[in-house]
Q: 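Sharing a structure here in structure tokens format.
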There are 2 protein chains.
Amino acid sequence: MTISEVSQKYNLTQDTIRYYEKIGLLPKVPRSKNGIRNFDDEACRWIEFIKCMRNAGMEIEILIKYVDLFKQGENTVKERRQLLEEQKSKLLEKQKSINETMDRLNYKIKLYD
Amino acid sequence: MTISEVSQKYNLTQDTIRYYEKIGLLPKVPRSKNGIRNFDDEACRWIEFIKCMRNAGMEIEILIKYVDLFKQGENTVKERRQLLEEQKSKLLEKQKSINETMDRLNYKIKLYD
DNA sequence: TATTGACTTAGAGCAAACTCTAGGTGTTAT
DNA sequence: ATAACACCTAGAGTTTGCTCTAAGTCAATA
């Protein structure tokens, strides 16, 4: 797949995708001989994963670290698992914040009726 | 209450509190004769409200608009209500995103076991 | 009385995450 | 063959939301 196809499929700009690769968030997108990116299934799965994590507000720096550990191979499995656990508890915190805000919003909206 | 007390109570820096007032996020903090802020109950409730909304990721610009409508008085009640409804649906979206990411994280963590 | 400390302001600086610009290459359509 | 188009890069610019700096006022304390 070309970058424009991937861009449409995942609703990310081409600039964003190139940026993600440049900073090491996206590992090894294969290229055709003339240097043009040719996204295979693995590259697409990475994009989907990153998009999902970013949608939940996970920091790019953390994701870069995860990708980095992944690149280092099997001996980083434990570290990767821990990273994900940490992010999970951050997400739980975020959920809590949002729930509080939800309650408050619902209360306020009720008052306006 | 002085700004340092409010800062401690709500765990916001003094700079942030002053910034919020400067940009119109925080309405009318009363001042003593020499110009020093003297937070009353209403100012504190605003701070708490803003902090709660910001914790959930609500944009400052939106909150400024809300405060602005509030300042304009009772004839903006309908508009304020609508603004809150809009933010509520944004929060619902965010909850959905986070839930998706949660599922994915849990799945991945399970794989690492 | 002098200095310490809490407050004030305007405005500059900073970090994160893009987003845009300029200039270049390579393939395809007329 | 020349123009159009999709791609490429490096690097500058933008937005959001603070955070810091410099310079000043005022009250209290050594």
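No experiment lies behind these values; they were computed from the predicted model shown. Letters A, B, ... mirror the listed sequences (proteins, then strands); counts begin at 1.
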Q: Within the side chain of A:Ser7, is there an N or O that forms a donor-acceptor pair under 3.5 Å with the backbone of A:Leu12?
A: yes

Q: According to the interplanar angle, ranging from 0 to 90°, do the rings of A:Trp46 and A:Phe70 count as parallel (below 30°), tilted (30 to 60°) or perpendicular (above 60°)?
A: perpendicular

Q: Could you state the atom-to-atom distance from CD of A:Gln14 to C1' of D:dT9 in whole Å?
A: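 It is 14 Å, rounded to the nearest whole Å.
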
Q: For A:Arg18, report the nucleic acid contact type (base, sugar-phosphate, nothing); a contact means any heavy atom under 4.0 Å.
A: base

Q: What integer distance in Å separates B:Arg54:CZ from D:dT19:P?
A: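 Rounded to the whole Å, the gap is 11 Å.
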
Q: Please answer whether the main-chain N or O of A:Met53 pairs with a side-chain N or O of B:Thr101 as donor and acceptor at a distance below 3.5 Å.
A: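 Such a contact is absent between B:Thr101 side chain and A:Met53 backbone.
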
Q: Mind checking if A:Asp15 touches a base, just sugar-phosphate, or nothing, with heavy atoms under 4.0 Å?
A: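 Touches a base.
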
Q: Roughly how many Å is it from NZ in B:Lys51 to P in D:dC18, rounded to a whole number?
A: 12 Å

Q: What is the first contacted nucleotide of DNA chain C and what is the last, in 5' to 3' order, if contact means an atom lying under 4.0 angstrom from a heavy atom of chain B?
A: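 The footprint of chain B covers C:dC7 to C:dG11.
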
Q: Given that A:Ile3 and B:Thr13 both sit by DNA chain D, which one's nearest nucleotide is further toward the 5' end?
A: A:Ile3

Q: Can you tell me which nucleotide in D:dA6, D:dG17, D:dC8 comes closest to the side chain of A:Ser4?
A: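 Nearest to the side chain of A:Ser4 among the choices is D:dA6.
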
Q: What about A:Tyr112 and A:Tyr107, are their ring centers closer than 6.0 Å?
A: no

Q: Mind calculating the distance between NZ (A:Lys33) and P (D:dC8) to the nearest angstrom?
A: 13 Å

Q: Is A:Arg37 touching bases, backbone alone, or none of the nucleic acid, heavy atoms closer than 4.0 Å?
A: sugar-phosphate

Q: Within the side chain of A:Glu79, is there an N or O that forms a donor-acceptor pair under 3.5 Å with the backbone of A:Thr76?
A: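 A pair under 3.5 Å: no.
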
Q: Between atom CD1 in B:Ile17 and atom P in D:dG17, what is the gap in whole Å?
A: 17 Å

Q: A:Ile36 has an atom CD1; how far is it from atom P of D:dA6, in whole Å?
A: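 Distance, rounded to whole Å: 12 Å.
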
Q: List the atom pairs, donor and acceptor, that lie under 3.5 Å between side-chain atoms in residues 23-30 of chain B and the rest of the protein, sequence neighbours left out.
A:
none

Q: Could you give the CD-to-P distance, from A:Gln8 to D:dA6, as a whole number of Å?
A: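 These atoms are roughly 11 Å apart.
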
Q: Please state whether the phosphate of D:dC18, meaning OP1 or OP2, lies under 4.0 angstrom from any side-chain nitrogen or oxygen of B:Tyr20.
A: yes

Q: Whole angstroms only, please: what is the CD1-P distance between B:Ile47 and D:dC18?
A: 13 Å

Q: Between the side chains of B:Glu21 and B:Arg31, is the shortest nitrogen-to-carboxylate-oxygen separation below 4.0 Å, so that they form an ion pair?
A: yes

Q: Using heavy-atom distances to pick each residue's nearest nucleotide on DNA chain D, tell me which of A:Lys22 and A:Asn34 is more 5'.
A: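 Whichever sits nearer the 5' end wins; that is A:Asn34.
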
